[in-house]
There are 2 protein chains.
Amino acid sequence: MLPINLLVVEDHSIIRAGICALLKNIASVTIIGEASDGYEALELVDSLKPDVVFMDISLPKLNGLEATSRITQEYPFVRVIILSMHASEDYVLQALRAGASGYLSKDADTDELESALIAVTQGKTYLSPGISKHLANYVRGIDEYSSPLDRLTTRQREVLQLLAEGCTTKQIAGILNRSVKTIETHRTQLLKKIDVHDIAGLVRFAIRMGVVTADQ
Amino acid sequence: MLPINLLVVEDHSIIRAGICALLKNIASVTIIGEASDGYEALELVDSLKPDVVFMDISLPKLNGLEATSRITQEYPFVRVIILSMHASEDYVLQALRAGASGYLSKDADTDELESALIAVTQGKTYLSPGISKHLANYVRGIDEYSSPLDRLTTRQREVLQLLAEGCTTKQIAGILNRSVKTIETHRTQLLKKIDVHDIAGLVRFAIRMGVVTADQ
DNA sequence: AACATTTTCAGGATTGCCCCGATTGCCCAT
DNA sequence: ATGGGCAATCGGGGCAATCCTGAAAATGTT
């Protein structure tokens with residue numbers, strides 16, 4: 001079985017080199033290949049048959065989630081660990097559904113690399129501490145396409161946009177012809193569901209989702 | 001003179017560890033400190049007096065450009081090399097104006113770390129190949145000196161970032177060790193100066209200016 | 001019909017924000 | 001060198017918004 005053969009997929013060369021340097025410090029692993037986009041990753045998985053793939057999400061041409069999905073479909077014996085380096089942590093569920101065996105958040109500790117590696121080679125799933133909360137929020141919705149927006153109700157999406165555009169609760173109540181108390185409830189449920197705790201976080205979420213734009 | 005003492009500033013621990021691993025491969029350098037946000041960077045520069053600082057742009061609490069500006073003002077002998085890891089490459093001019101001695105693009109090659117290091121210790125300026133084009137685009141546009149951010153005072157830019165990150169007035173007062181009333185004044189002046197009337201508008205402004213990003 | 005979800009609303013407590021005002025220190029220009 | 005502008009620092013008081021707890025219609029689903 002040993003050594004464990006690795007493929008590292010990450011488009012920014014310095015970061016990729018850094019990750020490789022960290023992985024090389026772990027005993028009994030060999031880095032047999034590096035890729036800088038999704039298609040390159042598919043080719044190298046096919047030709048090299050690595051045991052584990054460390055995969056970034058944001059990749060040019062073919063993103064990491066899509067690449068992961070194809071890899072795990074075609075080569076079920078290949079384990080994929082997602083490195084959520086640049087992207088947000090809202091992709092955990094999508095990653096797991098794409099067949100990933102591990103998910104390291106952007107703020108993961110260094111030794112989590114080895115922890116995740118050990119876990120997935122034993123057939124287990126490794127998730128960074130702190131993202132189980134995200135996961136819990138997600139599984140409560142029986143999401144299908146699971147854009148985070150799909151987990152919101154119609155009213156909540158309405159309120160989301162208006163809040164992101166700078167409306168106060170009172171103004172929204174006027175626009176929607178509802179009581180201020182009603183909008184307050186929607187607001188509270190909304191913040192809870194998208195797991196942010198202030199309007200600033202809500203606006204950033206809305207921009208990520210394309211509900212509003214930063215330019216005007 | 002040798003060895004060269006380094007400070008590495010980057011908020012994502014895995015990436016930071018990776019960069020440190022790469023730098024340690026270079027002979028005659030010592031990493032004497034690591035920081036994960038702008039304020040931590042300022043403190044460590046003050047206490048450790050490093051020769052060179054490797055600085056990411058997007059940092060919590062106080063971003064890399066702002067931190068660079070203060071470092072080069074207070075400690076002219078400290079060289080700062082910007083690592084444009086997550087941010088776009090549009091910040092070259094801002095970085096140079098902030099006093100940076102080097103600028104490594106997100107797609108820089110690994111050995112550019114050493115190239116940049118050698119250059120800046122010799123008093124030269126190192127720019128990643130390919131960004132001179134960006135620079136050329138900027139110098140031909142004369143409007144670059146009138147960024148709306150330049151109209152803000154130092155304190156106002158600080159408060160802007162913290163508000164955009166979701167801090168309340170009270171929390172900011174705690175972070176900056178000032179009275180709540182003081183921050184309230186800064187907040188009011190800030191909103192008035194950038195002509196927005198709510199936090200949502202402020203967040204969108206901050207994202208346009210690159211002070212914060214929508215993804216987290 | 002039974003159940004879950006969504007949408008609706010309120011009272012009371014808490015907190016934050018806004019409008020007034022003020023002082024200090026700094027730069028700089030007449 | 002002195003007065004004016006600007007930056008940064010605070011406070012009181014009032015109003016508005018938010019949070020917490022609870023709950024009842026309306027809607028949809030099986």
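By convention in this document, chain letters (A, B, ...) are assigned in the order of the sequence lines, proteins followed by strands, and residues within each chain are numbered from 1. Since the model is a prediction, treat every value here as computed from it, not as a measurement. Note that these values count all heavy atoms, side chains included, but never hydrogens, waters or copies made by symmetry.
- The nearest whole Å value for the distance from the CG atom in A/Leu190 to the C1' atom in D/dT18 is 14 Å.
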The test is side chain to side chain contact (heavy atoms under 4.5 Å, CB included); show your working for B/Leu6 and B/Phe54 and say whether it passes. CA-CA 7 Å; B/Leu6 302 185; B/Phe54 281 90; 3.9 Å; yes

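- One can place NZ of B/Lys170 at 17 Å from P of D/dT18, the figure rounded to the nearest angstrom.
- Of all non-hydrogen atoms in A/Leu104 and A/Ser128, the two that sit nearest each other are CA-OG, 3.4 Å.
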Side chain to side chain contact (heavy atoms under 4.5 Å, CB included) for B/Asp51 and B/Thr121? Distances and angles first, verdict last. CA-CA 8 Å; B/Asp51 301 306; B/Thr121 53; 5.7 Å; no

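- Following rounding to the nearest Å, B/Arg157 (CZ) and D/dA7 (C1') show an atom-to-atom distance of 13 Å.
- DNA chain C lies under 4.0 Å from no heavy atom of any residue of residues 61-68 of chain B.
- Rounded to whole angstrom, the span from the CZ atom of B/Arg155 across to the P atom of C/dG25 amounts to 17 Å.
- Heavy-atom contacts from other residues, nucleotides or ligands closer than 6.0 Å to NZ of B/Lys49 number more than 12.
- If you measure from atom CD of A/Gln156 to atom P of C/dT5, you get 13 Å, rounded to the nearest angstrom.
- When every heavy atom of A/Ala200 is checked against every heavy atom of B/Ala164, the shortest pair comes out as CB-O, 3.4 Å.
- Whole-Å rounding puts the B/Ile172 CD1 to C/dC17 C1' distance at 13 Å.
- In this structure, A/Gln171 atom CD and D/dA16 atom C1' are separated by 13 Å, rounded to whole Å.
- Contact check on B/Arg187 versus B/Glu184 returns no salt bridge, with no Lys/Arg side-chain nitrogen under 4.0 Å from an Asp/Glu carboxylate oxygen.
- Annotation for A/Ile14 and B/Ala108: closest pair CG1-O, 3.4 Å, computed over non-hydrogen atoms.
- Applying a 4.0 Å cut-off to non-hydrogen atoms, the residues of residues 176-189 of chain B that approach DNA chain D are B/Arg178, B/Ser179, B/Lys181, B/Thr182, B/Thr185, B/His186, listed by residue number.
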Assess the residue pair A/His12 and B/Asp107 against the criterion (side chain to side chain contact (heavy atoms under 4.5 Å, CB included)); give the C-alpha distance rounded to whole Å, side-chain angles, the decisive distance to 0.1 Å, and a yes or no. CA-CA 5 Å; A/His12 305 320; B/Asp107 298 313; 3.3 Å; yes

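- Between B/Thr153 and D/dC6 there is no side-chain N or O to OP1 or OP2 distance below 4.0 Å.
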Report all side-chain donor-acceptor pairs from residues 190-197 of chain B shorter than 3.5 Å, counting only partners two or more places apart or in another chain.
{"unit_1": "B/Lys193", "atom_1": "NZ", "unit_2": "B/Arg151", "atom_2": "O", "d": "3.0"}
{"unit_1": "B/Lys193", "atom_1": "NZ", "unit_2": "B/Gln156", "atom_2": "OE1", "d": "3.1"}

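- Between B/Lys192 atom NZ and C/dC19 atom P there is a gap of 10 Å when expressed in whole angstrom units.
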